[in-house]
Each structure stands twice: as C-alpha cells, then as structure tokens.
2 protein chains.
Amino acid sequence: MLATTSSLKRIKIAKSVDDPCFPIACSDCGIYNLCKAVGGEADLSLLNTLVKNRRTYKRGEHLFSVGEPYRAVFAIRTGSVETSVLTDDGRVQVTGFHIAGELMGLNSFVANRYNCEARALETTSVCEVPFERYEELVKTIPGLQHQMLKIMSMEINHHQEMMLLLGKKRAEERLASFLLNLSRRLKCHGQSDSELKLSMSRSDIGNYLGLAEETVCRVISRFEEESLISTQRRIVRLNNLDRLQAISKGIPANPK
Amino acid sequence: MLATTSSLKRIKIAKSVDDPCFPIACSDCGIYNLCKAVGGEADLSLLNTLVKNRRTYKRGEHLFSVGEPYRAVFAIRTGSVETSVLTDDGRVQVTGFHIAGELMGLNSFVANRYNCEARALETTSVCEVPFERYEELVKTIPGLQHQMLKIMSMEINHHQEMMLLLGKKRAEERLASFLLNLSRRLKCHGQSDSELKLSMSRSDIGNYLGLAEETVCRVISRFEEESLISTQRRIVRLNNLDRLQAISKGIPANPK
DNA sequence: CGTATCCTTGATGCCTCTCAAGACGGGTGG
DNA sequence: CCACCCGTCTTGAGAGGCATCAAGGATACG
C-alpha cells in the first residue's frame with residue numbers, strides 16, 4: 001500500500017477535489033491523492049512506482065529554474081519550497097510558498113519548460129513524478145486531466161487574490177492575509193492553525209507581499225504589541241484569528 | 001464555413017498553440033481556433049452551432065458576476081471586456097482586459113461558478129459557448145482539454161508577470177509594461193502596434209496597475225513630455241517602443 | 001567561541017495617494 | 001445647431017505610508 005494505516009490515521013485525507021483542502025491534504029503525497037480522487041481503479045503498481053521516486057533537497061537548493069526543460073511535477077512530503085520569477089534587471093518576485101502535502105510545478109508542464117524558480121527553504125523531501133510517467137497516467141486515468149484543470153483553476157484563484165493583495169491592500173492587511181492563509185493550509189494537514197513555524201525569512205515574506213523586510217518586522221512588532229500574535233523568531237502564535245481576519249479584510253481598527 | 005475567405009485574408013491565423021499569438025489570433029472567434037488546433041477532423045456542424053451562439057453586450061453590461069453558476073466560455077469577436085475581483089470591504093481589483101479575439105472565462109469553468117466579474121468596456125460582441133456543449137466537445141475532441149491546460153498555463157504566466165509588476169515595479173515601469181502588452185496583443189490581430197485606441201478609462205488602468213487614476217495621468221503626461229508617446233484622450237501613439245521596453249524593464253533613464 | 005545570518009528598531013526621504021479644482025469633450029435635449 | 005451637463009481627464013498642493021539607509025542585537029552554526 002501507499003500509505004500505512006498509521007499515517008492514514010494521523011493525517012486528514014481530502015476525499016474529493018471539492019474538499020477545501022484538496023490538493024493539500026494527502027496521505028503520503030499529493031500525487032497519490034490526485035490519482036485516488038479520479039480513479040480508485042487506477043493501476044496501483046504504476047502509481048507505486050511513481051510515488052517512490054523520491055528525492056531530498058537541502059536548504060537553498062533549486063528544484064528547478066526558469067527555462068529549464070520540464071522534468072517532473074513535485075509533491076512535497078516534508079519541508080517547504082519557495083517559487084519566484086525574475087525581472088530582466090534582476091529583481092525577484094516570490095510568487096508562492098509551498099508546504100508539505102502540496103503539489104508544485106503543475107502549471108508549467110504544458111509549456112515544456114519551467115516558468116519560475118523553485119528553491120527549498122529547508123531540508124525538503126519530495127516525490128518527483130517524471131513528465132513521461134505523467135503522460136502514462138493521463139492515458140490510464142481518464143479524469144486526470146480534469147483534476148489538473150481543477151488544480152490550475154485553484155492556482156489562478158490564488159493568483160487573483162495575490163493581485164488584489166499586491167494592488168490594493170496595506171502592509172498590515174497583507175501580513176494578516178499571509179498568516180491566515182498559511183494557518184489555513186497547515187490546518188488542512190492536521191497541524192496546528194495557531195502555532196506556525198515559518199520556514200522563510202522576513203525578507204522572503206516581504207518579497208512575497210511586496211514589502212520591505214523592515215516593514216514586515218515593524219508590522220509583526222505592531223501585531224505583537226496589540227497581542228494579536230506572539231513571536232519568537234520564526235515561531236508565530238496567532239492569538240486572535242478573528243481580529244486578524246478583520247484586519248486582512250481591511251476592516252478598520254475598532255478598539256473594543 | 002465558419003469564416004469567409006475575405007475574413008481569413010484579413011486576419012492572421014495562429015496555426016498552433018505554440019504560436020505566440022495563440023489563442024489571441026483567430027479567424028472568426030477563439031473557440032473556432034481552439035478546436036481547429038486540436039482536431040481538424042472535429043465535427044464541424046457541432047462547432048458551427050457553437051460559434052453561432054452570439055450575443056452583444058452594451059458598455060457597462062456584465063457578462064457574468066462572482067459566484068454566478070458557470071454558464072459559458074466567451075470568445076470576444078469585437079469590443080473589449082474587463083475582469084475584476086472584489087475584497088470583502090468592497091474594494092475592486094481589475095485583473096485583466098480582454099480584447100477582440102481572446103478567450104475568457106475558461107479558468108472558472110472547473111469550479112462551476114465564476115470567480116470574477118466581467119464587464120463590457122464598450123459595445124462588445126461575443127460567441128458564448130455553453131458549458132454543456134463544451135463538455136460534448138471535450139468528448140468529441142480528445143486533445144481539447146490539453147489545449148485548455150495550455151491556455152490556463154498562459155494565464156498563470158500572465159498572472160505571475162502581474163504579481164511581479166504589482167509587487168516590484170514603479171509607476172512608470174507599470175504603465176510602460178501595460179502599453180507594450182496591449183500593443184503586442186493588438187499586433188497579433190493584424191492591428192497597429194503603435195496606435196492604440198484604449199477602451200478603458202484612466203481610472204480602470206490605474207486600478208489594474210495598482211495606481212491611482214491621477215498617477216496614471218501624470219505618468220502619461222511625463223511620457224508625452226519625453227515624446228515617448230502622443231495622446232489624444234484615449235488614442236495613444238507609441239513613438240519609441242525600444243525606450244518603453246527599457247523603461248518597462250526598469251532600466252534607468254539614459255539621456256543619450 | 002567566533003562569525004555569518006537574520007531580526008529589530010530608528011531616522012530620513014520620497015513616491016504615490018488623497019483631496020481639490022478646473023478643463024475638456026461627448027452626448028443630449030431644446 | 002447650439003447650449004448645457006456630466007463624465008472623464010488633467011494638474012496642483014499637501015500628507016502619509018512605506019522604502020531606504022544605518023546600526024545594534026539575537027541566534028544558529030561551524
């Protein structure tokens with residue numbers, strides 16, 4: 001079997017793509033869940049081979065770079081990954097953080113080359129599903145491409161939210177949105193939604209949110225002053241999810 | 001036939017999805033091209049029915065709104081459309097402008113409801129391909145879903161560029177990027193790439209680019225002072241594409 | 001235990017927003 | 001055909017949020 005009973009017990013399983021956690025929650029890695037969702041009768045031996053194709057990246061190592069020929073889709077087992085795009089003059093925009101259980105690199109597969117950079121934020125273990133095997137899977141499992149559309153559709157939704165954040169929100173709203181988003185995704189893995197262990201630096205967060213590193217620090221300090229969160233370096237504890245939610249939506253301060 | 005010989009002569013046809021103009025350039029409307037690209041042997045009578053499903057929207061009219069059940073994918077024949085998303089507190093972020101020949105509304109089809117608003121910027125004629133018929137097409141034409149993946153992949157690329165623009169670029173870089181992008185897309189239709197007729201207001205542009213309406217005006221004025229462009233209300237003439245390109249990439253002013 | 005990296009806080013300045021007022025142009029009705 | 005009106009565009013003045021520059025402190029790692 002792909003997942004032991006124990007791991008199945010520990011981790012919430014997304015039953016279908018309509019589950020808000022899909023494709024985040026999974027038993028062993030995202031690709032298993034992806035396949036499971038579309039065809040219970042899938043060739044399990046093939047699947048087994050695919051998900052056994054594991055690899056570990058050290059902090060800072062690149063999973064892939066811009067323009068590199070498409071190699072595989074990645075399902076993160078443990079650790080986390082940062083994706084980014086570049087301007088011609090060398091500026092970098094972080095486009096996303098991907099945590100354990102999530103799929104990555106799907107969106108560039110049609111173009112045959114990667115459209116962004118992916119860098120491990122910490123020691124990260126992934127299942128790499130090679131491109132060619134993926135094609136096999138698509139033939140074997142009729143609904144698979146539809147699932148991929150769904151995942152890409154979710155990604156587009158997220159991008160739209162990011163455009164809104166970058167285009168319209170103020171610093172505090174951005175950081176609150178960021179923390180809540182991470183919290184929600186961690187919760188989908190059965191992890192705590194109020195005690196976050198950030199794997200990225202303040203600088204990375206700032207880059208992602210279109211803010212300077214210093215601004216991120218200042219907002220974090222401000223949140224801590226108001227007891228909305230408690231921090232200790234990269235450990236962040238969310239003490240008031242409701243208030244953070246309000247802030248993220250741009251609802252002005254309402255003292256008591 | 002779907003397109004008369006005369007119209008075929010007038011307009012450049014994108015031969016495959018690898019054409020940089022795809023899915024922009026098309027003979028009659030995008031959906032025809034989409035189908036043609038994936039299967040020359042497609043059921044033309046079905047296709048014919050689909051593309052005949054035309055409708056015209058007046059300026060300001062909504063093609064669809066957020067949360068509305070998914071109805072159709074839209075191929076714009078003439079005119080232009082603006083898409084936008086909303087914050088909970090009512091702020092609006094324009095996420096894109098769609099011009100004649102482009103496909104729209106593909107990305108929300110998997111979710112069964114629209115994830116954004118679409119509003120006609122001017123009198124706009126579209127082919128509406130109903131959801132159910134689309135499903136038929138998918139069954140008839142094996143490669144169709146792959147093409148959809150490709151289109152969504154392109155959309156994701158564009159979103160990444162927008163995130164970079166909104167997160168890292170300064171006002172002048174944003175506007176230069178915007179003008180050049182529009183120019184490129186118009187060129188794909190055989191229209192002039194240096195004489196643009198904007199269908200959106202300064203306010204719309206500002207919203208899209210994460211700028212205030214006044215800032216857009218000021219930057220336009222500055223560009224005009226430097227003879228990079230000439231404007232007359234919504235008519236914009238690009239006089240120096242190279243310089244605009246340089247500005248859009250953040251290359252600092254280099255006065256001779 | 002030294003060093004590099006990351007985090008934090010302060011001071012200063014600038015880019016862009018906001019508020020405001022006027023100009024321009026297109027559309028409409030008399 | 002003209003005059004009016006309203007939406008859009010433009011420009012100015014002022015304010016403010018955030019970036020930048022700078023320096024010190026904390027933590028992790030070899």
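Everything numeric here is computed off the predicted structure, so don't read it as measured data. Numbers restart at 1 for each chain; the letters A, B, ... are given by sequence-line order, proteins then strands.
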### Message
I want to confirm an ordering. Mapping A:Arg222 and B:Ile220 to their closest nucleotides on DNA chain D, which one lands closer to the 5' end?
### Response
B:Ile220
### Query
Side chain of B:Glu214: nearest nucleotide among C:dC6, C:dG10, C:dT18?
C:dT18
### Query
What is the distance, rounded to the nearest whole Å, between atom NZ of A:Lys197 and atom C1' of D:dA28?
11 Å
## Note on the structure
Side-chain atoms of A:Arg218 come closest, of D:dT20, D:dT10, C:dC7, to D:dT20
#### Entry: Sugar-phosphate only, base, or nothing, as touched by A:Arg170 at under 4.0 Å among non-hydrogen atoms
sugar-phosphate
### Task
May I have the distance from A:Glu224 (atom CD) to C:dC7 (atom P), rounded to whole angstrom?
14 Å
### Within 6.0 angstrom of A:Arg237 CZ, more than 12 heavy atoms from elsewhere
no
### Message
The side chain of B:Glu213 is closest to which nucleotide in this list: D:dT10, C:dC6, D:dC18?
### Response
D:dT10
## Note on the structure
To the nearest angstrom, the CG-C1' distance between A:Asn207 and C:dC6 comes to 16 Å
#### Entry: Touch class at under 4.0 angstrom, heavy-atom based, for B:Leu211 against every strand present
sugar-phosphate
### Message
If I take atom CD in residue B:Glu122 and atom P in nucleotide C:dG26, what distance separates them, rounded to the nearest angstrom?
### Response
16 Å
### Message
Counting only side-chain heavy atoms from C-beta out, which of D:dC18, D:dT27, C:dC24 sits nearest to B:Arg233?
### Response
C:dC24
### Task
Provide, to the nearest angstrom, the distance between the CD1 atom belonging to A:Ile235 and the P atom belonging to D:dA28.
10 Å
### Query
Any luck finding a side-chain donor-acceptor pair between B:Ser125 and B:Arg77 under 3.5 Å?
yes
### For atom NZ of B:Lys168 and atom C1' of C:dC15, their distance in whole Å
16 Å
### Task
In plain terms, say whether B:Arg202 and B:Glu213 are close enough for a salt bridge, that is, a side-chain N and a carboxylate O under 4.0 Å apart.
no
### Message
Among B:Thr83, B:Asn115, B:Asn207, exactly one meets side chain to side chain donor-acceptor pair (under 3.5 Å) together with B:Thr95. Which residue is that?
### Response
B:Thr83
### Message
Assess whether a salt bridge exists between A:Arg91 and B:Glu173, defined as any Lys/Arg side-chain N lying under 4.0 Å from an Asp/Glu carboxylate O.
### Response
yes
### Message
Quick one, B:Phe97 and B:Glu82 - any side-chain contact, counting heavy atoms below 4.5 Å?
### Response
yes
### Message
Side-chain N or O of A:Ser221 versus OP1/OP2 of C:dT9: is the shortest distance under 4.0 Å?
### Response
yes
### Query
So what does A:Gly206 touch, heavy atoms closer than 4.0 Å: a base, only the sugar-phosphate, or nothing?
nothing
### A:Arg234 side-chain N/O to C:dC7 phosphate OP1/OP2 under 4.0 Å
yes
### Query
Rounded to whole angstroms, how far apart are CG on A:Leu198 and P on C:dT8?
11 Å
### Query
So A:Phe178 and A:Tyr208, would you call those rings parallel, tilted or perpendicular, with 30° and 60° as cut-offs?
perpendicular
### Task
Using a strict cut-off of less than 4.0 Å between a Lys/Arg side-chain nitrogen and an Asp/Glu carboxylate oxygen, indicate whether A:Arg71 and A:Glu128 qualify as a salt bridge.
yes
### Task
Can you pull out how bent the helix from C:dC1-D:dG30 to C:dG30-D:dC1 is, comparing the axes over its first five and last five pairs, to 10°?
50°
### Query
D:dG30 C1' sits how many Å from A:Arg59 CZ, rounded?
14 Å
